[in-house]
Amino acid sequence: MTRYLATRLLQGLFVLWAAYTLSFLILYLLPGDAAAIQAGGAENGGVDPELVERLRAEYGLDRPLWEQYLTALGRAVALDFGSSTQSGTAATATVAAVLPQTFALAATALPLAVVFGVALAVASTFARWRWLRQALSALPPLGVSVPGFWLGLLLLQVFSFRLQLFPSMGNEGWPSLVLPAVALAIPTGAFIAQILARSLRQTLEQPYIELVRAKGASSARVHFGHALQNAAIPTLTLTGVLVGQLLAGTVVTETVFSRIGVGRLVVSAVNSRDIPVVQTIVVFAALVFVLTSLAVDLLYPLVDRRISAAGASLVSA
Amino acid sequence: MTSDLLIAAGLGEHARAADPPGDAVARRSSAVRRAALGALRQPGLVLAVVVLGTVVLWAVAPALFTGHSAIDGVPRDKLQAPSAAHIFGTDNLGRDLFARVVYGAGTSLLATTAAVLVGLVVGSFFGLVAGFLRGIVDDAVMRVMDVLLAIPSLLLSLALITALGFGTLNVAVAVGLSSVASFSRVMRAEVITVSTAVYVEAARSSGVRWFTILRRHVLPNASGAVLALSALEFGAAVLAISSLSFLGFGAPPPSPEWGSLVAGGRDYLAVAWWLTSIPGLVVVAVVLSANRVARAFERTGARR
């Protein structure tokens, strides 16, 4: 068990290192010069070549690439991703300052998405009438085809402008959290429903379900006592991707609802080419993915007793 | 004895690849008939194809569908609700929204196609190399793809846009590159399945060069699943590109693009519902149709 945990942690560290390196290559190797942009910003138009040179020396942009990379990597290990070119404060501090807002949004949206997705998936196989089952199975493909920004604006229009039930923007109190969380939860929930419904249908055709039915178990008992646990595995495997999607969804949702948070921070960072902040958020997203996948791997044995913790890597691989 | 059989199997494969053209035409026409019959049983699929066809026509010849200009408005007619004269209504400058959606189809579809092509070409290349060479190359390429999957694709495209700069083409390249991982995974899996098949072994043992094996056997047989994936990725790319264009990273203001049309209507949410709702609805219809067609591809692929 400890050995399994140790290998998994090492794998996680590798993914983080690779995500850092990849984002470094993308952000620093592709065309565009941070020093020139900053010098141009400071001078309001005309770029002073001397200032550019000084800034380049200050950031180490005049040194060879591998040297820049090693220095940056060394700093990143100590959680120093450089300072934001917009505010001048440390990039990690800039992200950490808005993190609680995004965490509150994601922590509200994730349970909503899970409840919505599982309920829809179960209802689409459980319903007594064929037409209802078919109608319900048509919903998840619709849900995953809806752009997040459009859904948010639609909710705004109906619930905040017409019915005036919720505020249209801002971060104050729980009422401001409801609409963004719903907008974020619907596509994610539809994604969960799509995968879960497919594996539920496959599980319900298994011989052991036939046996349970033959023993006279009710439809509810077949679903909740026998089928759902086994059918949940493929969905659980995708939890890391799901949480990542949720995090990416905040980019659009926070913009639509004018909320402060990591998602809106990344938009403003891209707009002003604030490379340290963009890189911090990319690595942070990879960290969230690594931690979620690790947590899920450790959870497998609890959900499916056919799997032991040491064998769980087989499932995730 | 076994090698003789293998060669025979390999020859059979070659023979099949080079059958007379008349046969191929007959087979195609019967396939068309079968497809037409199948279509009648699937009204949803027909509708999806009609939606996609209409949007492609919008992109190719927008002037056929609307007499209004997408750029010049009539200030007197601003913010009119949908009516017979302006079926999608007008915006704050009096521009016809239907015309803007129709003319926007060109930019949006072009960006989507470019994104899918970038993902398809780059992803297939890496998948092909990994699956065909195996060993250490395979390990290295697939570890990189795993890392790409660990970063949410929207954030990856945003990082790429930071480096590449704004504009429709850069957005398309960024979206395409962030879908490389899924293309390469599917391509690799298919290539491995095909290259372990008996007829490839037969071709190898009868001395066919590796490049010919790749071109003649592996690529044609592995491409089906990858093409089905590109149909699926088409829908995803429409969504991603419209999101990025909504965030303001796409084409600069006067030119219409579906995502930026929705963004433009944001300031008039309370007075003009159509400005955000209708362009968004078009995006939903296109994505839904693309996914429906992708599912049909998948099914026929599975049956084969």
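What you see is a predicted model, and the numbers here were worked out from it, not measured in a lab. Per chain, numbering begins at 1; letters A, B, ... match sequence-line order.
Within 6.0 Å of CZ in B:F125 there are 12 or fewer heavy atoms belonging to other residues, nucleotides or ligands. Heavy atoms of other residues, nucleotides or ligands lying less than 6.0 angstrom from CZ of B:R266 number more than 12. In B:F126, the CZ atom is not crowded: 12 or fewer heavy atoms of neighbouring residues, nucleotides or ligands sit closer than 6.0 Å. A:F159 CZ: 12 or fewer foreign heavy atoms inside a 6.0 Å radius. Other residues, nucleotides and ligands place no more than 12 heavy atoms under 6.0 Å from the CD1 atom of B:I136.
Both the backbone and the side chain of A:T255 come within less than 4.5 Å of a heavy atom of chain B. Looking at A:L153, the atoms closer than 4.5 Å to chain B (heavy atoms on both sides) sit in the backbone and in the side chain alike. Only the side chain of A:L22 comes within less than 4.5 Å of a heavy atom in chain B; its backbone stays farther off. Proximity to chain B (any heavy atom under 4.5 Å) is shown, for A:V270, by both the backbone and the side chain. Of the two parts of B:L281, the backbone and the side chain both hold a non-hydrogen atom closer than 4.5 Å to a non-hydrogen atom of chain A.
Of all non-hydrogen atoms in A:R273 and B:G165, the two that sit nearest each other are NH2-N, 3.6 Å. Of all heavy-atom pairs spanning A:A19 and B:I151, the tightest one is CB-CD1, 4.1 Å. Across A:A248 and B:P152, no two heavy atoms sit closer than the pair CB-CB, 3.7 Å. Residues A:P141 and B:L288 approach most closely at O-CD1, 3.5 Å, considering heavy atoms. In this structure, B:A159 and A:I26 approach most closely via the heavy-atom pair O-CG2, 3.8 Å.
The side-chain heavy atoms of A:Q157 and B:S277, taken from C-beta on, include a pair separated by under 4.5 Å. When side chains are defined from C-beta on, A:W17 does not count as touching B:V147, because their heavy atoms never get closer than 4.5 Å.
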Could you check B:L156 against A:V282 for side chain to side chain contact (heavy atoms under 4.5 Å, CB included), going step by step and ending with a plain yes or no?
CA-CA 7 Å; B:L156 196 58; A:V282 168; 5.5 Å; no

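Heavy-atom pairs under 4.5 Å with chain B were tallied for A:G249, A:P147, A:A286, A:G240; the largest tally goes to A:P147. If you tally non-hydrogen atom pairs under 4.5 Å between each of B:V262, B:L244, B:V286 and chain A, the highest count goes to B:V262. With chain B as the partner, the residue from A:T21, A:V15, A:V243, A:V256 showing the most heavy-atom pairs under 4.5 Å is A:V256. Between chain A and the residues B:L149, B:V238, B:L154, the largest count of heavy-atom pairs under 4.5 Å involves B:L154. Top candidate by heavy-atom pairs under 4.5 Å with chain B, chosen from A:L287, A:V278, A:N271, is A:N271.
To the nearest 0.5 Å, atoms OG (A:S145) and CZ (B:R292) are separated by 12.0 Å. Between atom CG of residue B:N291 and atom CD of residue A:Q194 there is a gap of 7.5 Å, rounded to the nearest 0.5 Å. In this structure, OG on A:S23 lies 10.5 Å from CG on B:L160, to the nearest 0.5 angstrom.
Just one of B:V284, B:L239, B:V283 meets the side-chain contact (heavy atoms from CB on, under 4.5 Å) condition when paired with A:W150; it is B:V284.
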